[in-house]
Amino acid sequence: MKRIPRQSVEILGSSVRIRPTWLACIPLAAIIFVVWNTAVQAQDAKPLTPEDVQNALNTIWVLIASILVIFMNAGFAMLETGFCRQKNAVNVLAKNLIVFALSTISFWAIGFSLMFGAASNEIFGTGGWFLGSSDPATYAMPSYLPTSVFFLFQVAFAGTAATIVSGAVAERIKFVDFLVFSLIIVGILYPITGHWIWGGGWLADLGFKDFAGSTAVHSVGGWAALTGAVILGPRMGKYVNGRASALPGHNMSIATLGCLILWIGWFGFNPGSALAVNESVPYIAVTTNLAGAAGAIAATFTAWAKDGKPDLSMIINGVLAGLVAITAGCDGVSYWSAVIIGAIAGVLVVYAVSFFDKLKIDDPVGATSVHLVCGVFGTLAVGIFNKDAGLITGQFELLGKQIIGIVAVGAFTLITSGIVWYVLKSTLGIRVTPEEEVEGLDVGEHGMEAYSGFVKEADILTGSYSSGTSGVDVGARSNF
């Protein structure tokens, strides 16, 4: 066996043999000693307190929740793209991608200050524009959170309101008009009503409760979406001889994936709204999940009984309906109440879709049914099912406050968003030409196709598809 060479070291006149591997550990030990000594001195200078640890945990959790909510943009993109037709896929994807970029800049510039500026009145906040203040007192926010993290969480919510609008006006709106409207709703309209509720405005003083945004986010987006859909008018071919015609989405696989991404993202949306790490976070996660599950089941069997088939699109919207409805009261209702709220929302969304069709209000993805109808219901449900002050406890006052908040936010958003849509219609013109609508917004607005080489609806309608193509090819390629 080969012997390991030893190095001789003289210590106090005696010769000691030391392995080279041990000699190599001497500088490493010195480094560890220096680093450890520095750390100990730092601790001596400022001992780490339980409050420091708690604040660090709060910051990390809100950051993670922010990322989950931002990731919901992928869910909205997949859901809307799948529910729309093949010829408009690029347009839908482009809108859902750019809207968060626009929301970030618009909210950073003025929206955040309008919503949370501490130099405020009962209607809107002011001060700290462009996130320019390093003083936490500039904004109405928890003192233990860095302003940067609080902003990131709130901008994720603001972007959601604009994304809701995208689905209701899909397949016929001009791209530029959608961009302009997104800047206005995120920069001005959403922050004003958000200030009323979360920024220390008059609804907060009244005692209105909306923990994570059934009204502040979802209903605001739903009201703006409703006005846009009405002013735009329905898609070509949607209503024929007074009856609604099916214009099915082209890819239910990615629509289902989008639903699951949104479901996961909601665990940042609702539990993250606690803005801290405490015992309420897991409780909120469970009420959120229960409501989403109950909404899916209720919508499935409601659509099955109503239409004779278990409709996948209704299962998807049922999940979202339950999640939207529980958002306002997820922190203050029991598990049983969460299931009831979700189940009622699942039934409501099925009949809401039919209701809007009867009014000839065309909403390709059901955004108004999910976010507006179930957002309003979820806000009312707080006044009914809240464990401390709801109707189930024999108290009526909270329900009255919830109704006032719903009406006030709805009226403001309807009027202001309607004005914006009409101005855009009178200046830029909000609808694409009939030729572009038939051909598809992918080509007309973006000059490209999502699925190059596949047969499009426009090819068949215009007769440009070759009649010599085999039946097998048509079946394999006619994905519109």
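Please read all numbers here as calculations on a predicted model, not as lab measurements.
- Proximity of a side-chain donor or acceptor of Asp311 to a complementary backbone N or O of Ala303 within less than 3.5 Å is not detected.
- When all heavy atoms of Gly159 and Ser103 are compared, the pair lying nearest together is CA-OG, 3.5 Å.
- Distance check: Leu441 CG to Lys95 NZ gives 8.0 Å after rounding to the nearest 0.5 Å.
- Between Phe153 and Phe157, the ring centre distance stays below 6.0 Å.
- Residues Glu437 and Arg431 are paired through a salt bridge, judged by an N-O separation under 4.0 Å between the basic side chain and the carboxylate.
- Aromatic rings from Phe175 and His446 are positioned such that their centres are separated by under 6.0 Å.
- Closest heavy-atom contact between Pro271 and Ile284: N-CG2, 3.6 Å.
- Inter-residue side-chain proximity for Tyr139 and Leu131 is flagged as met; some heavy-atom pair is nearer than 4.5 Å.
- In this structure, the side chain of Thr413 does not engage the main chain of Ala224 through any donor-acceptor pair within 3.5 Å.
- Annotation: side chain of Val409 is in contact with side chain of Leu203 (closest heavy-atom distance under 4.5 Å).
- With rounding to the nearest 0.5 angstrom, the CG atom of Leu232 is 11.5 Å from the CG atom of Asp363.
- Within 6.0 Å of CD on Glu122 lie more than 12 heavy atoms contributed by other residues, nucleotides or ligands.
- Formation of a donor-acceptor pair under 3.5 Å by the Ser166 side chain with backbone atoms of Asn96 is not found in this model.
- Looking at Ser334, its side chain does come within 3.5 Å of a backbone N or O of Ser337 through a donor-acceptor pair.
- Counting all heavy atoms, side chain and backbone alike, Phe208 lies closest to Ile406 at CE1-N, 4.2 Å.
- For the atom pair CG of Leu260 and CD1 of Ile264, the computed distance is 6.5 Å after rounding to the nearest 0.5 Å.
- Inter-residue side-chain proximity for Ile341 and Phe377 is flagged as met; some heavy-atom pair is nearer than 4.5 Å.
- In the model, Glu171 has a side-chain atom that pairs as donor or acceptor with a side-chain atom of Asn88 under 3.5 Å.
- Of the N and O atoms on the side chains of Thr163 and Thr160, not one donor lies less than 3.5 Å from an acceptor on the other residue.
- With Trp196 as reference, Ile123 is the one residue of Asp210, Ile123, Asp205 to meet the side chain to side chain contact (heavy atoms under 4.5 Å, CB included) rule.
- Taking each heavy atom of Pro191 and Gly111 in turn, the nearest pair found is CB-O, 3.3 Å.
- Side-chain contact check for Thr379 and Thr215: at least one donor-acceptor pair (N or O, by modelled atom type) lies under 3.5 Å.
- In this structure, Thr81 and His250 have side chains that are in contact, with non-hydrogen atoms separated by less than 4.5 Å.
- Trp266 and Thr327 share a donor-acceptor pair across their side chains, judged by distance under 3.5 Å alone.
- Using a 30° and 60° split on the angle between ring planes, Phe150 and Phe116 fall in the perpendicular class, above 60°.
- Of the possible polar contacts, none joining the Glu445 side chain to the Lys174 backbone as a donor-acceptor pair under 3.5 Å is found.
- Using the six-membered ring where Trp is involved, Phe269 and His218 have ring planes that are tilted, between 30° and 60° apart.
- A donor-acceptor pair under 3.5 Å is absent between the side-chain atoms of Asp442 and the main chain of Met448, judged by distance alone.
- Using modelled atom types, no side-chain atom of Gln154 and backbone atom of Phe107 make a donor-acceptor pair closer than 3.5 Å.
- Between Ile184 and Phe181, the closest side-chain pair of non-hydrogen atoms is not below 4.5 Å.
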Just do the side chain to side chain contact (heavy atoms under 4.5 Å, CB included) check on Val350 and Lys306 with the steps written out, would you?
CA-CA 9 Å; Val350 174; Lys306 177 176 173 290; 3.9 Å; yes

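- Remark: aromatic rings of Phe151 and Trp108 are distant, center separation not under 6.0 Å.
- Looking at Thr104, its side chain does come within 3.5 Å of a backbone N or O of Phe100 through a donor-acceptor pair.
- Closest heavy-atom contact between Trp198 and Ala212: CZ2-C, 3.6 Å.
- No more than 12 heavy atoms of other residues, nucleotides or ligands lie within 6.0 Å of OH in Tyr422, so this atom counts as exposed by the packing criterion.
- Looking at Ile192 and Met115, their side chains never come closer than 4.5 Å, going by heavy atoms from C-beta outward.
- Applying the 6.0 Å contact sphere to CZ of Phe355 captures no more than 12 heavy atoms from other residues, nucleotides or ligands.
- Side-chain contact check for Ser354 versus Asp357: every heavy-atom pair is 4.5 Å or farther apart.
- Side chain of Ser113 to main chain of Thr126: no donor-acceptor pair is present (N/O by atom type, distance under 3.5 Å, no hydrogens or angles).
- Looking at Leu226 and Trp223, their side chains come closer than 4.5 Å, going by heavy atoms from C-beta outward.
- Aromatic ring centres of Phe112 and Trp129 lie farther apart than the 6.0 Å criterion allows.
- Between the side chain of Lys401 and the main chain of Leu206, a donor-acceptor pair closer than 3.5 Å is present.
- We find the CD1-CZ distance between Ile185 and Phe178 to be 9.0 Å, quoted to the nearest 0.5 Å.
- In this model, no donor atom of one side chain and acceptor atom of the other lie less than 3.5 Å apart for Ser280 and Asp331.
- Considering all non-hydrogen atoms of both residues, Ile326 and Ala291 come closest at CB-CB, 3.5 Å.
- For Asp362, the salt bridge (charged side-chain N to carboxylate O under 4.0 Å, His left out) test picks out Arg235, with sequence neighbours left out.
- To the nearest 0.5 angstrom, Trp336 atom CH2 is 10.0 Å from Leu290 atom CG.
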